Amino acid sequence: MDSVTVEGRAAAELLARKTSLAQTATDALYADMPELTTRYGAVGRERCLEDIRYTIDHLIPAIDLTQPSMFTAYVGWLDDLLRARNVSTREVIRSLELIEQAVRNELAPDEANVVASFLRAGLDSLGAVRREG
Amino acid sequence: MSETAVPHLAPCLAGFPAAVLHLSAGGRVIDSNGQLERELRKAVIGERFAEIIDTESCGEKWNRVLAAASSTGAAASTCELVLADGDVILEPKSFSVLWDADLSIVWLIEHPSDHRMETVRQQVTEVNSELANAQRDLVRERARLAQALADTERSNRALDEFAHAISHDLKAPLRSVANYARWIEEDLGAQLTGEPRAHMELLRTQVERMRAMISGVLEYARSGRVRLPAEVVNTNAIVEEVIALLDPPESVTIEAAPNLPTLVAEAAPLRQVLLNLIGNAIKHSQRPDPHVWVSAQDTGTAYDFSVRDDGPGIPARVQDKIWMLFHTLRPRATQDGGEDGTGVGLAIVRQLVERQGGKAWVESQEGKGSTFHFLWPKQTGSQKGDGAAVTGKALDV
Amino acid sequence: MTVAAEANPAEHYAAYLGAIRSGDRRRAFQIIDEARDAGLDLAAIYLGVFQPALREIGSLWQNNELTVAEEHLATAITQAAMARAYERAFTWRTDGSRKLIAACADVERHEVGLRMLCDLLDLEGWHTTYLGAAVPIDSLVAMVRRLRPDVVALSAALSPHLPRLRAMIAAIRDALGDTRPLIMVGGRPFLDDPSLAERLGADLTAQNATDAVRLLGERVSRAR
């Protein structure tokens, strides 16, 4: 990763803080949507953590290579996958928003802005899906 | 049969790391190994199974699987179900559904959890990949061997053709040399005496020897080339023919065992091998009353023929060399004609025998005679002709 | 590599997909044998039958219409069917001068596309070595040093594997400098954006296995 560009720094930070960011976002998601606990239980929460880590895994190379389409393609794929398994697009959207929140709390503002712009691209692509659906 | 008559799940299943359940034909849980209770944190025996699962996402599927299991008898199927305790939904579980007709119950056996499956899957992927590599290596190697075999056959053929051409071309000038020598002798007549006369005689002998060697090369080249159809061959009859061809003097005794085999073989090469070996035994005997014995043993897959003599024997150090083309133990002992001493006979024996997939060897001690063996493989229905054919079967998974 | 005019992979594809969906290995093999008899060459079977069938299996899994186990079975059958088709198509070519080493940047998944490339190159007389997934970067570099291939082909099925792929390329460039082999990359991320190849330090990429065979045929000369 290029440590000179802000994208390079943001990607490196995401990689270094992946675990804590995913945990923060998951905790926030469950605080935000308490019905998830009753609906999916403890196992569901673990799965959710895994999914969010996986999302960050896909976010890193997209930012590193400044390639938003790489991330939006992933978000579309994830949404199809989860909807086929009774997880709503609303939950996917909320998880992206909460990743952004966690990133703003942990990363420097310029890095957080970069990450946020990529997350926004993902959210926009889901918005289109939601309108169509 | 009433539900109470169903035997309880074996105690050992209590430690099984996945859920095992008995359901009645009506779909009620009648026994459990305790795993499901642990996850749902409530009792399940007595509950209807349809109420444990999330009916919204998989109710229909469950009805279908249960109906199929009980209507088709012993059929087993796999079903992925989302379990629910009221509003709490667990991750989907994969179950084997087995109908036990004798007891009128359904067995539900949970598949091991995903992460263990994932480990196994990764290992399977590794093994699969290795297998795929090995399989491709095998295909390549086999193709390479087939190519090498074709190359060898091609070069053998070229060598044969070369030997044939060379010996033909050499024969004509040699005939001229012999003629000139004879004319010189005739022209000089009585003037040819002393050393020049001895040299002229040596010249003639050497020309004769060379002629025999060229014929030998021709014979050797020819012996490897022709393949004939196999027929039923009586070896005793062949030995009779060989003796008639050799027409040995009265002093020679040739004894063939009365029970030599009758086999399916190419008659011509077998006759040639016996002719060369028996002929050699007589030729190199160095005794006034040579004795030769011919016998054979069945080894199961082949016949082990042997031709034994009471000649001078062969020193151990040259026993390997005698099979080489143009190697002879008595290169200058040609007083009794040009036929022997060319060193072709045994080379032909070995070539003929090896073309059949057999082998030839000698057991001998100096002063105690020699026994020449050759192994002649039996022909089976599928393995006539070329034994070196490359066959391949696809790997099946 | 040409497909006989009357041979159409589409019908074989549909039959093959049906067979692997239901886990019917023998039927799947039979369909591929029939496809060969109908005149389809290995490239046509790989790209016209196996590749779309595996893509469809992937999307069926995504849509929750296949279980993970069914997906894996379908993939395993396809790997076996590929080996079978390869075996039947293979003929020895004496041109072994062009060499390629193939490796997946992925840690656990093996790339069928990369295997297809190796198989098709074999048929063109190349000497290929398929290392699969989870190859340590050091070992890859050591192997490149030892075998001195003309080409190293690397694949990444998913974007999170791109950093590892880039590290592989960098290690090869560092270790071999000007004497390094041609570096080709492939996989989903490069289909979406071919310009990624150059940005990661690779020399070329291709849209599919036949495309790759053609490109490598142009770039790497037989005689060395």
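Computed from a prediction, not measured in an experiment: that's the story for all the values here. Atom set for the values below is all heavy atoms of this structure, side chains included, hydrogens, waters and symmetry mates excluded. In what follows, every chain begins at residue 1, and chains take the letters A, B, ... in the order their sequences are listed.
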TODO: Could you pull out all residues at least two apart from A/R94 that satisfy side-chain hydrogen bond (donor to acceptor under 3.5 Å, both in side chains)?
DONE: A/D32, A/E97

Open item on the list: Please determine whether the number of non-hydrogen atoms from other residues, nucleotides or ligands lying under 6.0 Å from atom CD of C/E34 exceeds 12.
Closed with: yes

Open item on the list: Whether C/R188 engages the ring of A/W77 as a cation-pi pair (distance to the six-membered ring centre under 6.0 angstrom, angle to the ring normal within 45°) should be assessed.
Closed with: no

TODO: Can you see which heavy atom on A/A84 is nearest to which on C/N64, and at what distance?
DONE: O-ND2, 3.1 Å

Open item on the list: Within residues 21-30 of chain A, which residues come under 4.5 Å of chain C, heavy atom to heavy atom?
Closed with: none

- [ ] Measure the spacing between CZ of A/R83 and CG of C/N63 and express it to the nearest 0.5 Å.
- [x] 9.0 Å

Open item on the list: Distance check, rounded to the nearest 0.5 Å: A/D64 atom CG versus C/L162 atom CG?
Closed with: 9.0 Å

TODO: Determine whether more than 12 heavy atoms belonging to other residues, nucleotides or ligands lie under 6.0 Å from atom CD of C/Q207.
DONE: yes

Open item on the list: Applying side-chain hydrogen bond (donor to acceptor under 3.5 Å, both in side chains), can you list everything that pairs with C/R214, at least two apart in sequence or on another chain?
Closed with: C/D211, C/E218

Task: Per-residue contact mode, A/Y54 against chain C (heavy atom under 4.5 angstrom) - done: side chain

TODO: Give, for atom CD of A/Q67 and atom CG of C/D193, the distance between the pair rounded to the nearest 0.5 Å.
DONE: 4.0 Å

Task: A/T72: side-chain hydrogen bond (donor to acceptor under 3.5 Å, both in side chains) partners, not counting sequence neighbours - done: none

Open item on the list: Nearest 0.5 Å, please: how far is OG in C/S159 from CE in A/M70?
Closed with: 5.5 Å

Open item on the list: With side chain to side chain contact (heavy atoms under 4.5 Å, CB included) as the criterion, how do C/H161 and A/D57 come out once you've worked through the C-alpha distance, each side chain's angles and the decisive distance to 0.1 Å?
Closed with: CA-CA 9 Å; C/H161 300 127; A/D57 278 339; over 6 Å; no

Open item on the list: Would you compute the distance between atom CG of A/L81 and atom CD of C/Q62 and round it to the nearest 0.5 angstrom?
Closed with: 5.5 Å

